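Given the structure is predicted, the values throughout are model-derived calculations rather than measurements. The figures here come from the full heavy-atom set of this structure, side chains too, leaving out hydrogens, waters and symmetry mates.
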Amino acid sequence: MSVTPFVQVIEGQLDAGTTTFTAYRLTRDGQLSIARWTDNNDLLGVAKTVELGGPAYDRARTALSRIDPSEAMREAQPSLGGPDPYSLQIAIQGEDALTRHLRQTAPSDVASGLIAEWQGAGRLKRPARGSYVWTLPIPAEPGGEDVRLAAQACPEGLASWVGAAFVGAVAHKLPQGAPDAQDIQPGRAVFSARLPDGYAHFGIVSRQ
């Protein structure tokens with residue numbers, strides 16, 4: 001599976017019992033995509049992919065690489081949808097491996113600056129009706145796999161859609177009739193995938 005290197009940031013904020021996640025993905029060729037959803041799997045917005053240019057990626061990758069994990073950061077298994085009032089996950093994905101993953105429960109000045117820049121570049125809009133899949137590279141197998149993508153096989157169905165999301169925009173629209181999160185396992189918002197060269201979390205969110 002060929003992957004264009006990217007940086008990804010997911011910011012989660014809890015309000016009135018619902019956590020809203022906003023995900024930003026910037027690829028090495030400068031393509032920025034943004035999506036926002038809730039822990040109830042409701043898709044709130046998707047931004048049209050915008051071109052920021054390769055230098056924007058280089059700056060973001062350098063800045064995120066230099067964050068000191070001791071500054072309110074902790075290496076951890078991702079736990080999107082948890083009870084934390086605030087959460088921030090940062091991933092740096094190379095061509096064939098995840099090079100860094102950090103999680104924190106307090107804002108980062110570096111990440112906040114990048115988020116402000118990205119919000120100014122990409123405007124969230126109401127998405128088309130249907131289901132979308134999001135992905136986030138993670139550093140290790142979280143225990144159990146809902147989907148496995150073999151290196152040599154041609155994936156079908158859910159595996160193919162997870163693979164397409166991992167190498168594309170932060171939210172990938174699924175074809176009509178695709179399963180939603182309730183079809184995979186009711187009550188879950190985050191699922192696990194084994195990739196040819198690593199692991200990822202993914203979720204299926206919808207706009208009714």
Side-chain angles (χ1 to χ4, degrees), residues 1-11 21-37 41 43 45-61 64-65 78 80 89-102 114 118 121-122 124 127-128 130-142 145-176 178-181 184 189-206:
M1 185 170 67
S2 177
V3 178
T4 299
F6 61 82
V7 296
Q8 184 170 339
V9 174
I10 298 184
E11 185 179 46
F21 298 103
T22 306
Y24 308 84
R25 179 179 288 182
L26 180 62
T27 62
R28 184 174 61 185
D29 55 3
Q31 300 293 317
L32 173 69
S33 57
I34 308 173
R36 178 175 292 157
W37 65 89
N41 299 319
L43 182 64
V46 174
K48 182 179 180 180
T49 300
V50 295
E51 171 66 54
L52 297 187
Y57 165 81
D58 292 336
R59 290 194 303 272
R61 188 183 190 284
L64 295 174
S65 296
L80 290 177
Q89 293 195 69
I90 296 168
I92 301 176
Q93 176 68 36
E95 290 184 353
D96 55 8
L98 176 70
T99 61
R100 193 174 206 204
H101 176 273
L102 296 172
L114 290 171
W118 295 336
L124 286 167
S131 296
Y132 297 70
V133 59
W134 59 264
T135 58
L136 173 74
I138 56 176
E141 183 175 7
E145 301 164 4
D146 299 292
V147 168
R148 176 186 287 262
L149 283 75
Q152 303 301 323
C154 181
E156 299 179 353
L158 182 58
S160 70
W161 302 326
V162 171
F166 194 79
V167 301
V170 73
H172 177 74
K173 194 172 190 308
L174 299 180
Q176 186 174 3
D180 60 21
I184 303 174
V190 181
F191 302 91
S192 303
R194 173 69 184 269
L195 307 175
D197 298 305
Y199 304 89
H201 270 166
F202 72 93
I204 298 177
V205 292
S206 301

*Nearest 0.5 Å please: distance from the CD1 atom of I204 over to the CG atom of L174.*
6.0 Å

*For the residue pair A23 and V170, what are the closest heavy atoms and their distance?*
CB-CG2, 3.6 Å

*L43 side chain near P127 side chain, heavy-atom distance below 4.5 Å*: yes

_So, using side-chain contact (heavy atoms from CB on, under 4.5 Å) as the criterion, who are the partners of A165 when residues are at least two apart?_
V133, T135, H172

*Distance from I138 atom CD1 to Y199 atom OH, nearest 0.5 Å?*
9.0 Å

_Partners passing side-chain contact (heavy atoms from CB on, under 4.5 Å) against P175 (at least two apart in sequence or in another chain)_ = W161, A178

*Decide yes or no for D96 and V3: does some side-chain heavy atom of the first lie under 4.5 Å from some side-chain heavy atom of the second?*
no

*Judged by modelled atom types alone, do Q31 and E51 share a side-chain donor-acceptor pair under 3.5 Å?*
yes

*Does a side-chain heavy-atom distance below 4.5 Å link L64 with L114?*
yes

*What residues, two or more places apart in sequence or in another chain, satisfy side-chain hydrogen bond (donor to acceptor under 3.5 Å, both in side chains) together with Y132?*
none

*Please list, chain by chain and in numerical order, all residues satisfying side-chain hydrogen bond (donor to acceptor under 3.5 Å, both in side chains) with D58, sequence neighbours excluded.*
none

*Minimum-distance pair of heavy atoms, taken over all atoms of G130 and K173*: CA-NZ, 4.3 Å

*asked:* Quick check: closest heavy atoms across T99 and G94, and the distance to 0.1 Å?
replied: CG2-N, 4.2 Å

*Which atom of V9 lies closest to which atom of I90, heavy atoms considered*: CG2-CG1, 4.2 Å

*asked:* Can you list everything that forms a side-chain hydrogen bond (donor to acceptor under 3.5 Å, both in side chains) with S33? Sequence neighbours excluded, please.
replied: none

*Going by the side chain to side chain donor-acceptor pair (under 3.5 Å) test, name the single residue among R25, Q93, Q89, H101 that passes it with Q8.*
R25

*List for me each residue that meets side-chain contact (heavy atoms from CB on, under 4.5 Å) alongside A47, sequence neighbours excluded, and say none if there are none.*
I34, L124

*Results of side-chain contact (heavy atoms from CB on, under 4.5 Å) for P5 - residues two or more places apart only*: R28, Y57, E95

*Please step through side chain to side chain contact (heavy atoms under 4.5 Å, CB included) for the pair V167 and T4, ending with a clear verdict.*
CA-CA 7 Å; V167 301; T4 299; over 6 Å; no

*For A60 and L26, work out which heavy atoms get closest and say how close.*
CB-CD2, 4.1 Å

*Just how far is it from atom CG of L32 to atom CZ of F6, taken to the nearest 0.5 Å?*
13.0 Å

_Passing option when W134 is tested against W37, Y24, F202, F191 for ring-ring contact (aromatic ring centres under 6.0 Å, His included)_ = W37

*Do S65 and I92 come close enough that some side-chain heavy atom pair is under 4.5 Å?*
yes

*Going by heavy atoms in the side chains, are P137 and F166 under 4.5 Å from each other?*
yes

